[in-house]
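Scroll down for the structure; my scribbles are underneath it.
Quick caveat: nothing in here was measured; it's all calculated off a predicted structure.
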Amino acid sequence: MHNLGFALDGAWRVLLAGLVLGAGLPVLFALGIRSLAWGAGEATVSESGVTVAGSRRPLGTVIGYLLFAVVVVGVLLGLLFIVASGFGYKLDFSGFFPTLVAK
C-alpha cells in the first residue's frame, strides 16, 4: 500500500513540473504578446490607410518585455542544464544565482 502512495507522490510532482516547464513558458510568451498588443493601443482605419491612435499604454509594453525576459531566462537555464550535464557538471540552485558544480 505504501508503494501506491510513493507512486502518486512522484506522479503529482512530475505533473506539476511538466505543467510549469512544459506549458508555463508558452503561456508567459502568449501573455507577453497580448501585453504588447494592449500596450500598442487601438488602431483606426482611415481613407489613407491604418493609423495608430494616440492611446498608447507604456505599462503594457513594459509588462510584455518583462514576460519575454522571463521566458528567455527559462530557455537559457534549460540549455545550460542540458549542456552542463554533457560536460560532467550539474546545475546547483542553492545560492541566489544558479552555479555549475562538478558531479
Audit row: L31, V27, side chain to side chain contact (heavy atoms under 4.5 Å, CB included) steps and yes/no: CA-CA 6 Å; L31 288 175; V27 166; 4.2 Å; yes

S35 and T61: CA distance, side-chain angles, deciding distance, side chain to side chain contact (heavy atoms under 4.5 Å, CB included) verdict: CA-CA 6 Å; S35 295; T61 305; over 6 Å; no

Chi angles and distances behind the side chain to side chain contact (heavy atoms under 4.5 Å, CB included) call for D9, W12: CA-CA 6 Å; D9 182 53; W12 81 263; 2.9 Å; yes

Audit row: V71, L67, side chain to side chain contact (heavy atoms under 4.5 Å, CB included) steps and yes/no: CA-CA 6 Å; V71 170; L67 289 171; 5.7 Å; no

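Listed here is the closest heavy atom pair of V101 and D92: CG2-CB, 3.6 Å. Heavy atoms only, all atoms of each residue included: L100 and A84 are closest at CD2-CB, 3.4 Å. Heavy-atom minimum distance, P98 versus L91: CB-CD1, 4.1 Å. Summarising the geometry of L25 relative to V70, their closest heavy-atom pair is CD2-O, 4.4 Å, with the distance given to 0.1 Å. The minimum heavy-atom distance between L59 and W38, with the atom names listed, is C-CZ3, 4.3 Å.
Side-chain heavy atoms closer than 4.5 Å link hydrophobic residues (I, L, V, M, F, W, Y) into clusters, and following such links, possibly through other members, connects F93 to V73.
Not one N or O on the side chain of R57 forms a donor-acceptor pair closer than 3.5 Å with the backbone of A40.
In this structure, the separation between OG1 on T99 and CG on L80 is 10.0 Å, given to the nearest 0.5 Å. Taken from CG in L77 to CD1 in I82, the straight-line distance is 11.5 Å, to the nearest 0.5 Å.
Atom CZ of F68 has more than 12 neighbouring heavy atoms from other residues, nucleotides or ligands inside a 6.0 Å radius. With a 6.0 Å radius and a threshold of 12 heavy atoms from other residues, nucleotides or ligands, F87 has its CZ atom at or below the threshold.
Side chains of V83 and Y89 form no contact here, defined as non-hydrogen atoms less than 4.5 Å apart.
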